[in-house]
Amino acid sequence: MGHVVAGAVFRDGRVLLAQRTRPPELAGRWELPGGKIEPGESAEQALARELREELGIEVRGADRFGPPVQLGSDLVMCAYRVDLVSGEPRPLDHAALRWVDAKELEQMDLVEADRAWLPALRDMLAG
Ligand code: DCM
């Protein structure tokens, strides 16, 4: 079973979403940025690597929230709240980035899997 990590970065009552470029069926839809854990990595290390590669930022921590999501038969994905340590996010691997508040989150065309985290994200944006 492979593991995918997805990171939620919060700032000023908003969470950072990224717009996918691939595969074609997911292109244009929005997600929490992340990717697969590589052998020997912890979830926190994978998040730090993926967000460095994709956004050019340094993050730390990995505070899991919401339910795990099964992706097909051999991948499971979990969401983590991470702390932004340095850098300003840039879309190095995405079509665009957007900081959304609780209200804007409802309007975003999220990839299906990430919708499982909407209730938890709403709570964190409200609180
Ligand atoms: N994925 C997802 N939601 C995310 C991140 C990833 O549904 N927030 C899925 C898309 C792919 C798999 O995880 O099926 C691997 O992600 P990637 O293609 O970004 O490496």
Side-chain angles (χ1 to χ4, degrees):
M1 178 72 67
H3 292 265
V4 175
V5 291
V9 182
F10 292 87
R11 186 165 78 190
D12 299 332
R14 294 170 179 266
V15 64
L16 184 64
L17 296 183
Q19 188 178 34
R20 290 189 65 99
T21 61
R22 63 177 182 274
E25 58 271 25
L26 296 180
R29 303 184 69 185
W30 295 81
E31 68 173 5
L32 294 180
K36 289 184 187 138
I37 302 186
E38 291 180 354
E41 272 184 336
S42 65
E44 181 171 357
Q45 288 167 338
L47 284 161
R49 177 182 49 75
E50 290 285 352
L51 273 56
R52 185 183 304 123
E53 290 172 0
E54 297 183 356
L55 307 174
I57 59 174
E58 294 299 320
V59 302
R60 122 173 107 218
D63 189 10
R64 199 168 82 74
F65 67 88
V69 180
Q70 190 76 35
L71 298 171
S73 56
D74 61 347
L75 267 187
V76 65
M77 178 171 70
C78 291
Y80 300 83
R81 182 174 185 136
V82 299
D83 293 320
L84 178 57
V85 175
S86 64
E88 182 62 27
R90 288 170 292 144
L92 304 176
D93 192 46
H94 286 88
L97 303 178
R98 192 182 293 182
W99 294 95
V100 300
D101 63 19
K103 189 172 173 196
E104 291 161 342
L105 180 64
E106 306 302 323
Q107 313 301 324
M108 300 299 289
D109 183 21
L110 290 186
V111 301
E112 211 53 53
D114 294 35
R115 302 193 72 83
W117 303 322
L118 274 173
L121 286 169
R122 261 182 226 125
D123 284 350
M124 291 185 286
L125 288 167

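Numbering starts at 1 and runs along the sequence shown.
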- Message: Is it true that, when you exclude R60 itself, more than 12 heavy atoms of the residues, nucleotides or ligands shown sit nearer than 6.0 Å to its CZ?
- Response: no
- Is M124 reachable from W30 through a run of I, L, V, M, F, W or Y residues, each pair having side-chain heavy atoms under 4.5 Å apart? yes
- Message: Within the structure provided, determine whether P33 and L55 are in side-chain contact (heavy-atom separation under 4.5 Å).
- Response: yes
- Below 4.5 Å, heavy atoms only, C-beta onward: do M108 and V100 meet side chain to side chain? yes
- Message: Show the nearest heavy-atom pair for residues R29 and V111, with the distance to one decimal.
- Response: CB-CG1, 3.8 Å
- Closest approach of W117 and P67, non-hydrogen atoms and distance? NE1-O, 2.9 Å
- Task: Indicate if L32 and V4 have the same hydrophobic cluster label, given that clusters are the connected sets of ILVMFWY residues with side-chain heavy-atom separations under 4.5 angstrom.
- Result: yes
- Which of I57, V15, D83, L47 passes side chain to side chain contact (heavy atoms under 4.5 Å, CB included) with V9? Answer is I57
- Dump the intermediate steps for salt bridge (charged side-chain N to carboxylate O under 4.0 Å, His left out) on R22 and D93, then the final yes or no. CA-CA 10 Å; R22 63 177 182 274; D93 192 46; 3.2 Å; yes
- Query: Going by heavy atoms in the side chains, are L110 and L17 under 4.5 Å from each other?
  - Reply: yes
- Item | Gap separating the CD atom of Q45 from the CD atom of E50, nearest 0.5 angstrom | 12.5 Å
- Message: Hydrophobic clusters here meaning ILVMFWY residues chained together by side-chain heavy-atom distances under 4.5 Å, can you tell me if V5 and L75 are in one?
- Response: no
- Please check if V82 and V85 belong to a single hydrophobic cluster, counting links between Ile, Leu, Val, Met, Phe, Trp and Tyr side chain heavy atoms closer than 4.5 Å. no
- Quick one: are L16 and W99 in side-chain contact, heavy atoms under 4.5 Å? yes
- Which atom of R122 lies closest to which atom of L105, heavy atoms considered: N-CD2, 4.4 Å
- From L121 CG over to D114 CG, what is the distance, rounded to the nearest 0.5 angstrom? 8.5 Å
- Query: Going through the distances and angles, do R14 and E104 end up as a salt bridge (charged side-chain N to carboxylate O under 4.0 Å, His left out)?
  - Reply: CA-CA 9 Å; R14 294 170 179 266; E104 291 161 342; 2.8 Å; yes
- Message: If I take atom CE from residue M77 and atom CD1 from residue I37, how far apart are they, to the nearest 0.5 angstrom?
- Response: 12.0 Å
- Nearest heavy-atom contact between L125 and D101 is CD1-C, 4.0 Å
- Task: With rounding to the nearest 0.5 Å, note down the distance linking CD in E54 to CG in L97.
- Result: 10.0 Å
- Item | Minimum heavy-atom distance H94-A18, with the two atoms named | CD2-CB, 3.3 Å
- Item | Flag side-chain contact, heavy atom, 4.5 Å: F10 against L84 | no
- Task: Return yes if some donor-acceptor pair links the side-chain N/O of Q19 with the main-chain N/O of G28 below 3.5 Å, else return no.
- Result: yes
- Nearest heavy-atom contact between G61 and E44 is N-OE2, 2.9 Å
- Note on the structure: Output for pair (L51 CG, R49 CZ), nearest 0.5 Å, gives 10.0 Å
